[in-house]
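This report refers to the structure that appears directly beneath it.
In the text below, chain A, chain B and the rest are named by the order of the sequence lines, each starting its count at 1.
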Number of protein chains: 2
Amino acid sequence: MNIHLTLPSEMRIRDEHKEEAIREKAYEIIVKKGFEGLSMQKLAKAAGVSPATIYIYYKNREDLLHSLFNHAQKEFAFFALRNFDPSVSLEEGLWLQWKNRLAFISDNPIIYQFFELFRNSPLINHKNVSMKEFKENMVLFVKNAIQRGELARMEPEIFWSIAYGSFYSLVKFHLQEKKMMTENFKITDAKMKQTLHMVVKALKP
Amino acid sequence: MNIHLTLPSEMRIRDEHKEEAIREKAYEIIVKKGFEGLSMQKLAKAAGVSPATIYIYYKNREDLLHSLFNHAQKEFAFFALRNFDPSVSLEEGLWLQWKNRLAFISDNPIIYQFFELFRNSPLINHKNVSMKEFKENMVLFVKNAIQRGELARMEPEIFWSIAYGSFYSLVKFHLQEKKMMTENFKITDAKMKQTLHMVVKALKP
DNA sequence: TTTATAAGTGAATGAACATTCATTTAACTT
DNA sequence: AAGTTAAATGAATGTTCATTCACTTATAAA
């Protein structure tokens, strides 16, 4: 990505607007109609480019789908740790992450829904981006919380299921209602905080 | 369904094996390749019938997909409440349901994975089966637990997210590992019980 | 201004698609 | 045994699909 910015080149530069239009329209179509609903010709039409243009940016349809996911995952994981400091208390750290995630979802509902759709699809089996920095931060955060006596020792998947599984479940609830009612997506801070309190209680030693 | 069993008829009876073969192969193909991967001709070949035969059992592809989901949802919800008594304690009731769900998932991993795939897809927006009996049982169960002081008052989606969201999250973890490692699906009772204990603690007033 | 290079294109291609249809087959009634 | 009904079929239909290709256009170096 962005080769034309980092390398001097003799070529005609790529039009970033085109690339973004393709990506955003692809997210939209997939969220609305599923992967089945995305054909290269429909996508090209929606993005205002020629079908052949898509093949300049992506090797083929499969590459397009995986690139879309990597893009979404990177953005989401990056946003989740915005302003995150692994040395704060468990409750404070989780609260920040929940708020960050919710903010991203509210601002980018289409991208998030695509992310969830892909995560739950058979396409996910392929190798994906590493999330190294994200994992390192989380390991540190958990270790600190255990040492401080805020968190019981447990297997990582149990921690994840309690600390985040309930959050995602709550979000799913609201996204489905939104889809059905065509209302705005909105979880109140109070509802989130109430749920988080329960989660923190569960995680105590 | 099963019209030939409940009504006397003058017609040639439907071959139940064919219907089941179509359904089971459809689940398999969709779980392995996604909805994109299911074409009527491939399904027919896999089930050992003619493409036209599928249209005897289902109006069209869309009807097939929704019927598959209704079938899976009914089986799963029925199994979840097997031996369930809404008057038992919160922990006992949740434990039974978790065990039931896990047993179903272990015995029918393909059906369950299809169920999750469909639930997370745009196809879910259409009207689906009512689950009336299931909901009635749950309302009673929750009411009892609150009266007994085992459960704090909270909005239903919060209860659901804590009491089941973490369970599903745990299952997802293991199913993904299984897919990647081609191992057998296995969550130990101890791991489940540990998680349930934490959940029950969270739900206390 | 010329030249090189890659961005961008519309039309074309063969494969795969959902669905239909004329026909055959099996079961039950009389 | 004859008649009726619907199950079951393989081949056919018209459409949509992913991808390619010969070509044009825009950019920057020379």
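Both G37(A) and I54(B) lie close to DNA chain D; mapped to their nearest nucleotides by heavy-atom distance, the more 5′-ward contact belongs to I54(B). DNA chain D is contacted by both K42(A) and K59(A); K42(A) maps to the nucleotide lying nearer its 5′ end (nearest heavy atom per residue).
Here dA8(D) presents its C1' atom at 10 Å from CD1 of I22(B), a figure rounded to the nearest Å. Distance NE2 (H17(A)) to C1' (dA26(D)): 16 Å, rounded to an integer number of Å. Remark: C1' of dA18(D) and OH of Y58(A) are 17 Å apart, rounded to the nearest angstrom. Taking atom CD1 of residue I56(B) and atom C1' of nucleotide dA26(C), one finds them 12 Å apart after rounding to whole Å. The distance between atom CG of D63(A) and atom C1' of dT19(D), rounded to the nearest whole Å, is 14 Å. Between the NZ atom of K45(B) and the C1' atom of dT9(D) there is a distance of 16 Å, given to the nearest Å. Regarding L43(A), its CG atom lies at a distance of 12 Å from the P atom of dT19(D), rounded to whole Å. Across the protein-nucleic acid pair, F35(A) atom CZ and dA18(D) atom P stand 14 Å apart, rounded to whole Å.
Within the structure, a side-chain polar atom (N or O) of Y57(A) is placed less than 4.0 Å from OP1 or OP2 of dG8(C). Side-chain nitrogen and oxygen atoms of S39(A) include none within less than 4.0 Å of the OP1 or OP2 phosphate oxygen of dT16(D).
Residues F35(B) and F35(A) keep their aromatic ring centres 6.0 Å or farther apart. Between F115(A) and F69(A), the ring centre distance stays below 6.0 Å.
A ring-ring contact (aromatic ring centres under 6.0 Å, His included) with Y112(A) is found for exactly one of F79(A), F104(A), F76(A), F118(A), namely F76(A).
A distance of 6.0 Å separates CE of M192(B) from CZ of F167(B), quoted to the nearest 0.5 Å.
The base of dA16(C) has none of its N or O atoms less than 3.5 Å from a complementary donor or acceptor on the side chain of Q41(B). Interface remark: the S50(A) side chain does form a donor-acceptor pair with the dG10(C) base, using a distance-only criterion of under 3.5 Å.
No contact: L64(A) has no heavy atom under 4.0 Å from any strand.
Counting only N and O atoms by type, the side chains of E116(B) and Y168(B) include no donor and acceptor under 3.5 Å apart.
With dT9(C), dA18(C), dT9(D) as the choices, the nucleotide that has an atom nearest any side-chain atom of M40(B) turns out to be dA18(C).
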